[in-house]
Amino acid sequence: MTEDELRDRLALDISIIESGLTLLGKEQFIPNAIGTSSFIDLYARDSKGHHVLIELKRSDSAAREAIHEVQKYVEGVKQHLAVRDNEIRVIIASTEWRELLVPFSRFKADTNLAIDGVQIQVKASGEISTTSVSPLDTMQGRYLAPWHELNFYLDKESLNRGLEEYRDCCRTKGIENYVLVILSAPNEPIQSEGQLKRISVLQMLSQANLGNSNPVPEI
């Protein structure tokens, strides 16, 4: 069964993909003012009124293009139909997921779009069935937390006690990678250039004789 034949078969009974869908178009044309125009394999509405864009793939080689095509379809639909991200759902339905699972999982983790994966099984008899695809766990990488804490310690003993409390807290919460920054105050207060200039002027004034005709530097 070719990809076109698979699309035509699913168009006859789109509930094979998901119950509650209503087919609105097959090979639905979506114009695009920027980039190339799009043809969505199956365009549907779900029971809650979302626009559902269904991308079908029949082989590993074709599956490599799925994420790129989905992104293009979504932007085309948003421009053409004036809809928002939360009004759109995407379903990627493929017979092969070996090349598709990793990029699908990454895309699902990064996007605000509602996107689902469907595994299609085509039996020798021509019967079609589907199962839901669970995304892989993805790594977030290093990032800075949107919050921070600042604590002051009077001596080295209280500092070490505070550091150990933070380490215990991270271990309890399962946080393996973290950074604690220790800032040590200087022995002498830090003075700005303006403060130093004012101090210099005051020192000169205190040492000057009343009859000194030298001009006083401006602050």
Side-chain angles (χ1 to χ4, degrees), residues 1-32 35-141 143:
M1 184 180 294
T2 67
E3 189 172 297
D4 288 345
E5 291 171 338
L6 179 62
R7 182 194 61 230
D8 293 343
R9 174 68 180 83
L10 291 171
L12 294 174
D13 185 6
I14 200 170
S15 65
I16 296 174
I17 296 291
E18 180 184 296
S19 61
L21 292 181
T22 300
L23 182 67
L24 299 181
K26 181 179 68 173
E27 280 288 279
Q28 178 69 43
F29 175 70
I30 299 295
N32 195 346
T36 58
S37 301
S38 306
F39 290 89
I40 303 171
D41 288 327
L42 297 173
Y43 171 50
R45 284 282 180 90
D46 66 11
S47 58
K48 296 183 179 179
H50 295 100
H51 300 263
V52 183
L53 317 181
I54 303 173
E55 175 68 5
L56 300 176
K57 292 301 175 187
R58 190 71 174 89
S59 65
D60 275 331
S61 58
R64 296 189 187 103
E65 306 169 359
I67 301 301
H68 167 76
E69 292 176 345
V70 161
Q71 291 173 315
K72 184 175 68 171
Y73 297 162
V74 167
E75 294 307 311
V77 167
K78 286 162 62 177
Q79 291 180 19
H80 183 56
L81 299 179
V83 296
R84 298 188 299 269
D85 283 350
N86 61 2
E87 297 174 310
I88 298 174
R89 289 182 56 210
V90 174
I91 297 177
I92 299 179
S94 179
T95 56
E96 302 291 341
W97 277 86
R98 184 171 50 187
E99 292 283 345
L100 181 54
L101 184 56
V102 171
F104 164 76
S105 301
R106 181 73 269 170
F107 182 60
K108 186 175 177 66
D110 292 341
T111 187
N112 291 324
L113 291 168
I115 179 169
D116 296 300
V118 171
Q119 170 80 56
I120 300 175
Q121 297 93 19
V122 181
K123 297 181 180 180
S125 62
E127 182 183 354
I128 301 174
S129 61
T130 60
T131 54
S132 177
V133 173
S134 298
L136 301 171
D137 292 331
T138 55
M139 297 293 292
Q140 289 186 330
Y143 69 97

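Note that the structure is a prediction, hence the values are computed from the model and not measured. For the single chain, residues carry numbers from 1 onward in sequence order.
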Checklist outcome for this item: Arg58 and Glu96 have their tightest heavy-atom pair at O-CG, 4.1 Å
Checklist entry - Does the side chain of Ser15 come under 3.5 Å of the side chain of Asp13 through a donor N or O and an acceptor N or O? => result yes
Next on the checklist: Is any side-chain heavy atom of Val77 closer than 4.5 Å to one of Ile40?
Outcome noted: yes
Item to check | Minimum heavy-atom distance between Pro135 and Lys108, given as atom pair plus value | outcome: CG-CD, 3.7 Å
Item to check | Nearest heavy-atom neighbours spanning Ile92 and Ala66 | outcome: CG2-CB, 4.3 Å
Checklist entry - Between the main-chain N or O of Thr2 and the side-chain N or O of Glu5, is there a donor-acceptor pair closer than 3.5 Å? => result yes
Item to check | Spatial distance of atom CG (Asp116) from atom CD1 (Ile17) [nearest 0.5 Å] | outcome: 11.0 Å
Item to check | Worked check of salt bridge (Lys or Arg N to Asp or Glu O under 4.0 Å) between Lys26 and Asp41 | outcome: CA-CA 6 Å; Lys26 181 179 68 173; Asp41 288 327; over 6 Å; no
Item to check | Side-chain (Trp97) to main-chain (Val102) donor-acceptor, under 3.5 angstrom | outcome: no
Next on the checklist: Determine whether Leu136 and Phe104 satisfy the following criterion, side chain to side chain contact (heavy atoms under 4.5 Å, CB included), listing intermediate values before the conclusion.
Outcome noted: CA-CA 9 Å; Leu136 301 171; Phe104 164 76; over 6 Å; no
Next on the checklist: Walk me through whether Glu75 and Lys78 qualify under salt bridge (Lys or Arg N to Asp or Glu O under 4.0 Å).
Outcome noted: CA-CA 5 Å; Glu75 294 307 311; Lys78 286 162 62 177; 3.3 Å; yes
Checklist entry - Could you go step by step and tell me if Leu10 and Ile128 meet the side chain to side chain contact (heavy atoms under 4.5 Å, CB included) rule? => result CA-CA 9 Å; Leu10 291 171; Ile128 301 174; 4.2 Å; yes
Checklist outcome for this item: Separation between CD (Glu55) and CD1 (Ile67), nearest 0.5 Å, reads 9.5 Å
Checklist entry - So do Arg89 and Ile115 actually touch side chain to side chain, heavy atoms under 4.5 Å? => result no
Checklist entry - Which heavy atom of Arg45 sits nearest a heavy atom of Leu24, and at what distance? => result CG-CD1, 3.2 Å
Checklist entry - In Å, rounded to the nearest 0.5 Å, how long is the span from NZ of Lys72 to CD of Glu65? => result 9.5 Å
Checklist entry - With distance as the sole test, does Thr130 use its side chain to make a donor-acceptor pair with the main-chain N or O of Ile120 at under 3.5 Å? => result no
Checklist entry - How far apart are the closest heavy atoms of Ile14 and Leu21, and which atoms are they? => result CG2-O, 3.6 Å
Checklist entry - salt bridge (Lys or Arg N to Asp or Glu O under 4.0 Å) between Arg9 and Glu127: does it pass, once the steps are laid out? => result CA-CA 10 Å; Arg9 174 68 180 83; Glu127 182 183 354; over 6 Å; no
Next on the checklist: Between Val70 and Leu53, is there a side-chain heavy-atom distance shorter than 4.5 Å?
Outcome noted: no
Checklist outcome for this item: Residues Phe39 and Tyr73: closest non-hydrogen pair is O-OH, 3.3 Å
Item to check | Lys57 and Thr95: CA distance, side-chain angles, deciding distance, side chain to side chain contact (heavy atoms under 4.5 Å, CB included) verdict | outcome: CA-CA 7 Å; Lys57 292 301 175 187; Thr95 56; over 6 Å; no
Checklist entry - Does the side chain of Gln119 come under 3.5 Å of the side chain of Thr131 through a donor N or O and an acceptor N or O? => result no
Item to check | Candidate pair Leu23 and Tyr43, rule side chain to side chain contact (heavy atoms under 4.5 Å, CB included), full reasoning | outcome: CA-CA 6 Å; Leu23 182 67; Tyr43 171 50; 5.9 Å; no
Checklist entry - Backbone N or O of Leu101 within a donor-acceptor pair of the Ser105 side chain at under 3.5 Å? => result yes
